[in-house]
Amino acid sequence: MKEFKINIKGRVKNFTLPENKSLIPLFEAVVNSLQAIEERRRIESFDGEISIKIEREETLSDEILGHIENITITDNGIGFNEDNFNSFLESDSDYKNEIGGKGVGRFSWLKAFKNVSIDSCFFYDGKYYKRAFEFALDISGINDEVVACDNTDVKTTVKLCSFLDKYKANSPVSIESIAIKLIQHCFVYFLNKACPQIILSDDKGNKVNLNEFFAEKIAVEKGTDIFIIGNNQFALTKIRVDGAIINSHKLYLCANSRLVEAKDLSKYIVNLDKALDVEEPFWCLGIITSKYLDNNVDMNRLSFTIPETAEDGFAPLVTMNKIVTKSVDLIEEYLSDYLKPIAEEKKKRIERYVSTQVPQYRHLLKYMSSEIEKIKPGVSDEKLDAISARSGF
């Protein structure tokens with residue numbers, strides 16, 4: 001019996017990676033590091049650490065940051081032992097099924113970078129070993145050489161080399177911007193108090209401790225809302241976020257502890273169009289997690305395989321619309337103390353506008369409460385003019 005073979009070039013070619021998702025290869029590498037640390041923690045207790053170092057293109061001035069050229073990710077997780085190495089060699093491996101692994105993340109590396117260098121020191125059967133190899137499209141196989149080593153520092157380094165131009169041009173440049181994108185993608189990991197220390201730096205002396213940055217900017221509400229749709233359980237975590245992380249109200253739908261889709265809450269909650277609270281302004285972030293979402297995310301984790309709505313007589317028990325609607329209702333209830341004054345002020349402003357600008361419609365106000373409710377609080381006078389001409393007030 002002959003076994004199936006995998007064409008790496010074909011697999012990478014067919015791997016979907018939009019240019020505006022240019023940091024996905026970094027995210028995949030970091031999540032691999034997080035999982036490797038979790039795996040080692042099942043065997044022994046230690047402090048997990050992940051280091052991310054950015055090498056930049058040279059520029060004409062030190063004041064101008066160059067684009068990303070290479071990224072090196074180092075962790076002290078379990079390492080490339082035989083099990084992990086064999087999983088790496090197998091496309092669509094099911095080795096990490098239990099923790100949501102799809103077995104394809106490494107192909108994103110070669111979609112956006114020319115080649116990848118891997119160097120790993122791991123412990124096995126009472127001894128320390130080192131494994132190093134190159135991963136690239138122009139290399140037909142992997143020259144796997146495992147040697148005993150004196151180094152007792154369990155460590156794995158993955159270097160993503162030569163960022164391809166079309167992705168490089170669409171990638172964030174500053175350390176802070178990259179840190180925010182990474183936190184957004186791995187939000188669920190950072191919510192865990194056992195999250196390893198993650199340090200991001202570049203070759204220009206810039207450095208960010210992502211755990212400290214997260215702790216400074218995030219306030220997590222106690223308790224999680226649980227709701228059921230079609231016998232499937234969903235969990236909603238509500239978070240108050242400083243404007244440094246996000247600058248709008250969001251709903252994150254996550255799978256396997258990673259962000260897949262983000263919804264703009266202001267499109268669902270009409271009075272939610274600016275930061276809340278005057279003294280300590282914050283943005284609201286809702287995070288949805290569920291085994292159902294874990295099991296219904298596409299291979300590349302860029303979208304869900306869940307129907308948006310019931311269409312053409314097909315009535316699925318779970319739709320994205322049901323998940324989002326229930327989440328929005330819970331968030332609106334949670335924010336009610338902030339939203340009520342905004343709604344009242346909006347109503348007063350519209351009443352003043354009608355009284356002074358279009359008094360002939362003043363008698364209609366009491367009949368148009370539902371129309372008024374649909375108007376955004378921050379609407380301009382010009383927009384109110386257009387609305388009044390269309391609605392008759």
Side-chain angles (χ1 to χ4, degrees), residues 25-53 71-90 92-109 116-135 142 144-160 179 182-183 185-201 208-212 214-215 254-258 289 294 301:
L26 168 61
F27 301 160
E28 288 290 342
V30 171
V31 170
N32 284 347
S33 292
L34 289 164
Q35 292 172 343
I37 289 171
E38 289 177 5
E39 186 175 350
R40 185 182 170 193
R41 279 176 171 170
R42 298 189 200 114
I43 302 171
E44 60 180 308
S45 177
F46 71 103
D47 294 327
E49 298 177 353
I50 300 173
S51 167
I52 307 164
K53 295 184 178 180
I71 307 177
T72 301
I73 304 97
T74 303
D75 68 70
N76 60 346
I78 196 73
F80 269 79
N81 56 25
E82 287 302 308
D83 288 338
N84 282 308
F85 181 66
N86 289 332
S87 174
F88 183 89
L89 294 177
E90 181 183 355
D92 303 88
S93 167
D94 60 4
Y95 180 64
K96 294 183 179 180
N97 266 0
E98 292 185 0
I99 55 175
K102 298 290 187 181
V104 299
R106 62 200 176 284
F107 296 123
S108 71
W109 298 349
V116 181
S117 297
I118 297 170
D119 190 307
S120 181
C121 177
F122 60 94
F123 183 78
Y124 175 74
D125 196 22
K127 296 181 181 179
Y128 290 90
Y129 297 91
K130 179 178 179 180
R131 166 177 271 127
F133 59 93
E134 296 289 316
F135 183 45
I142 290 180
D144 173 38
E145 183 179 356
V146 179
V147 297
C149 67
D150 296 328
N151 186 4
T152 59
D153 185 15
V154 174
K155 181 173 68 175
T156 295
T157 297
V158 173
K159 184 172 183 178
L160 309 177
L182 185 52
I183 288 173
H185 186 81
C186 298
F187 224 105
V188 177
Y189 282 105
F190 283 100
L191 289 173
N192 189 336
K193 292 182 179 179
C195 180
Q197 285 293 304
I198 305 178
I199 307 296
L200 174 66
S201 62
V208 176
N209 181 312
L210 271 66
N211 308 74
E212 293 178 358
F214 182 86
C254 301
N256 311 123
S257 301
R258 310 178 216 187
T289 55
D294 294 346
R301 291 194 189 84

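For clarity, every value in this text was computed on a predicted model and none was experimentally measured.
Note that CG of Leu89 and CZ of Arg106 are 8.0 Å apart. Values are rounded to the nearest 0.5 Å. Note that CD1 of Ile71 is 11.5 Å distant from NZ of Lys159, once rounded to the nearest 0.5 Å. Distance check, rounded to the nearest 0.5 Å: CG of Leu26 to CG of Leu200 gives 8.0 Å. Separating the NE2 atom in His185 from the OG atom in Ser257 is a distance of 10.0 Å, to the nearest 0.5 Å. With values rounded to the nearest 0.5 angstrom, Asp75 atom CG is found 9.5 Å from Arg40 atom CZ. Here the SG atom belonging to Cys195 is positioned 7.0 Å from the CD1 atom belonging to Ile50, to the nearest 0.5 angstrom.
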- Message: Please determine whether side-chain contact (heavy atoms from CB on, under 4.5 Å) holds for the pair Phe123 and Ile43, giving the CA-CA distance in whole Å, both sets of side-chain angles, and the decisive distance to 0.1 Å.
- Response: CA-CA 11 Å; Phe123 183 78; Ile43 302 171; over 6 Å; no
Q | Criterion side-chain contact (heavy atoms from CB on, under 4.5 Å) on Ile78 and Asp83, from CA distance to verdict | A | CA-CA 10 Å; Ile78 196 73; Asp83 288 338; over 6 Å; no
Item checked: Check against side-chain contact (heavy atoms from CB on, under 4.5 Å), Val146 and Tyr124 -> CA-CA 12 Å; Val146 179; Tyr124 175 74; over 6 Å; no
task = Kindly determine whether Leu182 and Tyr189 satisfy side-chain contact (heavy atoms from CB on, under 4.5 Å), including the steps that lead there.
result = CA-CA 11 Å; Leu182 185 52; Tyr189 282 105; over 6 Å; no
Legend entry - Worked check of ring-ring contact (aromatic ring centres under 6.0 Å, His included) between Phe133 and Phe88: CA-CA 12 Å; Phe133 59 93; Phe88 183 89; 5.4 Å; yes
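Closest approach of Asn81 to Asn84, counting heavy atoms only: OD1-N, 2.9 Å. Across Arg41 and Ala194, no two heavy atoms sit closer than the pair NH1-O, 2.7 Å. When all heavy atoms are compared, the tightest approach of Cys254 to Val188 is SG-CG2, 4.0 Å. The minimum heavy-atom distance between Ala132 and Asp119, with the atom names listed, is CB-OD2, 4.0 Å. The shortest non-hydrogen separation linking Val31 to Cys186 is CG2-SG, 4.0 Å.
Counting heavy atoms of neighbouring residues, nucleotides and ligands inside a 6.0 Å radius, atom CG of Asp47 does not exceed 12 of them. Residue-environment remark: CD (Glu44) exceeds the threshold of 12 foreign heavy atoms within 6.0 Å. Residue Phe46 places its CZ atom among more than 12 non-hydrogen atoms of other residues, nucleotides or ligands, all under 6.0 Å distant.
Applying the ring-ring contact (aromatic ring centres under 6.0 Å, His included) rule to Phe214 yields the partners Phe187, Phe190; only residues at least two apart in sequence or on another chain are considered. Looking at residues two or more places apart in sequence or on another chain, you find a side chain to side chain donor-acceptor pair (under 3.5 Å) between Arg131 and Glu82, Asp144. Scanning for side chain to side chain donor-acceptor pair (under 3.5 Å) contacts around Thr156 gives Ser120, with sequence neighbours left out.
A donor-acceptor pair under 3.5 Å links the side-chain atoms of Asn211 to the main chain of Ile198, judged by distance alone. Of the possible polar contacts, none joining the Asn76 side chain to the Gly48 backbone as a donor-acceptor pair under 3.5 Å is found.
Glu49 is not listed as a side-chain neighbour of Pro196, based on a closest heavy-atom distance of 4.5 Å or more.
Phe27 does not carry Arg258 over the face of its six-membered ring by the limits of under 6.0 Å from the centre and within 45° of the normal.
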